[in-house]
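Data block below; observations after.
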Amino acid sequence: MRSKLPTLRPRRRYVAFFLNSEKEPQARELMVEIHSIQASLMGDLGTARNRLKLIYFDGHFGILRCSHDKIQDTRVILAAVHSINGARAAIWVKGISGTIKSVREKYLPRLDKMNAEKDGRRIELDEVSGCIIYIQGCEIDLCPDDQSRIKGSDTRYLGLTSYDLYGGLDDANGTSDGL
Amino acid sequence: MSFYECNLHALPEGSDSISRLAFISKRLGYNGIIVSNHTGFDNLFRPMAALGIKDIDVALGVEIVASSPEKLRNCVSTLRARYSFIAVHGGFENINRAACEDPKVDVLLHPEEGRQVLGIAAARSAEQNQVAIGFDLSPLIRLRGLPRVRWLETIRRNIILARKLDLSIMITTGGKSHFDLRSPKDLMALAQLAGLEPVEAEEALRLPARILELNRRLWLSPGVELL
């Protein structure tokens with residue numbers, strides 16, 4: 001005998017998202033932050049009606065399960081993520097679909113690993129200098145020598161692009177990471 | 001669908017260069033951004049690098065921070081010809097009122113700062129002078145607990161007033177880095193949580209493009225355009 005009648009099965013949606021963070025968080029840390037925001041914004045009742053579950057997370061891309069009639073609430077919760085475990089973070093929703101298979105096919109890039117680079121190279125410009133922390137596509141995160149440059153912006157690094165340094169790359173038009 | 005993020009702060013006020021903000025905004029689905037530092041485009045870090053990012057309009061504006069209405073009026077008169085987008089950093093009642101009474105101002109940003117509700121007189125002036133009211137939604141992301149509750153209450157009252165007097169509304173994240181940016185759909189969802197209707201939120205994201213288009217034309221006097 002079935003434990004649940006098919007007509008009583010809850011309808012779900014799967015949200016694919018991209019996490020941009022200064023430090024790669026664990027899945028548990030991410031869910032602690034999401035649940036904290038959900039409880040704060042929606043209350044106990046709203047949380048009970050929209051049980052969020054992390055289906056997949058690789059450090060950057062993830063899939064979150066939510067109720068089919070609470071998509072707007074889920075968007076708000078993900079948009080309200082400000083920092084995870086003390087490091088600045090932002091979650092950008094890539095898309096929403098009805099099955100895990102379709103959300104994977106449509107919105108998750110077929111990259112096993114992000115094209116990240118961390119080699120301790122330096123940038124020396126007239127206006128700014130410091131160590132390169134992270135390079136992905138044409139995006140560059142820089143730890144400035146002069147820490148007063150990041151004062152008041154809540155972040156640890158300066159966000160630059162290759163356009164700032166040497167006029168850009170031909171293939172760096174926003175699609176180089178497969179998004 | 002011409003969505004613009006209307007109040008970004010780039011290096012040296014924020015931590016990101018203009019090109020990084022433009023790059024991420026384009027990826028999130030914006031058609032353009034307006035970088036409005038408090039100091040205008042003086043001291044900006046490599047503004048020309050943003051020209052390398054294709055398919056996104058990068059406009060330079062200014063967000064005026066003034067300590068008195070007289071200084072505000074002087075600043076607006078001086079800077080109007082140089083910038084295609086003039087925003088005023090509100091918060092105090094006299095500054096809110098002076099900004100709303102000046103037709104050269106495009107938008108009054110965060111009038112609710114310091115739990116200050118927009119006054120009726122200022123709102124009526126904003127209606128007559130076509131000054132938009134900009135709601136910075138970053139406190140919804142940044143604050144937690146009671147401060148956020150207070151902010152939500154204040155912004156709800158401002159939205160009710162703006163709706164009653166049919167004022168133009170803009171929404172923004174006031175981003176200082178790419179971590180502060182949110183996609184148009186996420187921003188609309190946040191605005192709905194704050195009290196805006198879905199149609200109002202969508203219109204609020206489209207308004208900066210229309211204002212920029214008007215300001216970029218050459219006006220000789222009100223209603224007279226040089227073609």
Side-chain angles (χ1 to χ4, degrees), chain A residues 18 20-22 36-37 40-42 71-83 87-94 96 125-128 137-142 144 148-169 172-175 177 179, chain B residues 9-29 43-56 137-146 148-149 152 173 175-194 198:
Chain A
F18 175 71
N20 195 349
S21 175
E22 288 178 337
S36 157
I37 290 168
S40 165
L41 276 174
M42 307 297 165
I71 291 170
Q72 199 72 353
D73 288 357
T74 310
R75 268 190 185 278
V76 168
I77 291 161
L78 294 182
V81 171
H82 177 262
S83 58
R88 276 306 305 272
I91 294 181
W92 299 324
V93 173
K94 304 301 297 173
I96 298 165
L125 299 173
D126 295 340
E127 301 95 332
V128 64
C138 72
E139 298 170 46
I140 299 166
D141 283 348
L142 183 81
S148 65
R149 300 303 299 260
I150 50 175
K151 198 177 170 188
S153 60
D154 291 347
T155 56
R156 294 180 192 177
Y157 311 125
L158 295 180
L160 309 178
T161 62
S162 52
Y163 297 92
D164 294 320
L165 307 183
Y166 44 82
L169 299 167
N173 57 2
T175 57
D177 60 350
L179 292 179
Chain B
H9 298 272
L11 262 171
E13 280 176 20
S15 64
D16 277 21
S17 66
I18 296 181
S19 64
R20 180 71 176 266
L21 291 172
F23 187 79
I24 299 289
S25 300
K26 179 187 156 190
R27 181 188 285 175
L28 291 177
N43 306 324
L44 272 181
F45 176 76
R46 308 210 167 181
M48 301 311 284
L51 297 176
I53 317 277
K54 292 163 194 159
D55 301 329
I56 186 161
L137 301 177
S138 63
L140 190 55
I141 299 169
R142 209 180 56 243
L143 300 178
R144 291 282 184 277
L146 201 55
R148 181 155 67 183
V149 172
L152 279 169
T173 54
K176 290 184 172 178
S177 73
H178 60 280
F179 293 115
D180 294 330
L181 289 170
R182 296 292 182 274
S183 69
K185 277 187 178 175
D186 290 352
L187 205 53
M188 282 192 263
L190 286 169
Q192 286 173 50
L193 189 79

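Chain naming here is simple, since letters A, B, ... match the order of the sequence lines and numbering starts at 1 in each.
With a 4.5 Å cut-off on non-hydrogen atoms, B/L152 does not touch chain A at all. Of the two parts of A/I140, only the backbone, made up of N, CA, C and O, holds a non-hydrogen atom closer than 4.5 Å to a non-hydrogen atom of chain B. In this structure, chain A has heavy atoms under 4.5 Å from both the backbone and the side chain of B/L190. In this structure, chain A has a heavy atom under 4.5 Å from the side chain of B/I24, while its backbone stays farther away. Residue A/S148: no heavy atom, backbone or side chain, is found under 4.5 Å from chain B. Residue A/D73 does not touch chain B at all, counting heavy-atom pairs closer than 4.5 Å. Using a 4.5 Å cut-off between heavy atoms, B/R144 touches chain A through its side chain atoms alone. With a 4.5 angstrom heavy-atom cutoff, B/D180 touches chain A via backbone and side-chain atoms both.
Looking only at atom types and distance, the side chain of B/S177 has no donor-acceptor partner in the side chain of A/T155 under 3.5 Å away. Side-chain N/O atoms of A/S40 and B/R148 include a donor and acceptor closer than 3.5 Å.
Between B/L193 and A/L41 there is a side-chain heavy-atom pair separated by less than 4.5 Å. Counting heavy atoms from C-beta on, the side chains of A/C138 and B/F23 come closer than 4.5 Å. Residues B/K185 and A/V93 form no side-chain contact, since every pair of their non-hydrogen atoms from C-beta on lies 4.5 Å or further apart. Between A/L125 and B/R46 the shortest side-chain heavy-atom distance falls below 4.5 Å.
Not a single donor-acceptor pair under 3.5 Å links the side chain of B/R20 to the backbone N or O of A/G159.
Minimum interatomic distance between A/V128 and B/F45 (heavy atoms only, all atoms of both residues): CG1-CE1, 3.6 Å. Here the shortest heavy-atom pairing between B/A189 and A/V76 reads O-CG2, 3.4 Å. Contact detail for B/G52 and A/Y163: the closest heavy-atom pair is O-CE2, 3.3 Å. A pairwise comparison of heavy atoms in A/H82 and B/I141 identifies CB-O, 3.7 Å as the closest pair.
For the set A/V81, A/T161, A/L142, the entry with the most heavy-atom pairs within less than 4.5 Å of chain B is A/T161. When each of B/S15, B/A49, B/S138 is checked for heavy-atom pairs under 4.5 Å with chain A, B/S15 comes out on top. For the options A/D141, A/L78, A/D154, heavy-atom pairs under 4.5 Å to chain B are most numerous at A/D141.
Rounded to the nearest 0.5 angstrom, B/L28 CG and A/F18 CZ are separated by 10.0 Å. To the nearest 0.5 Å, atom CG of residue A/D164 and atom CE of residue B/M48 are 12.5 Å apart. If you take CH2 on A/W92 and CZ on B/F179, they are separated by 7.5 Å, rounding to the nearest 0.5 Å. To the nearest 0.5 angstrom, A/N20 atom CG is 4.0 Å from B/H178 atom NE2.
Considering only residues two or more places apart in sequence or on other chains, B/S25 meets the side chain to side chain donor-acceptor pair (under 3.5 Å) condition with none of them.
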* To do: Go through A/R75 and B/D186 one step at a time and tell me if the salt bridge (charged side-chain N to carboxylate O under 4.0 Å, His left out) criterion holds.
  => CA-CA 6 Å; A/R75 268 190 185 278; B/D186 290 352; 2.8 Å; yes
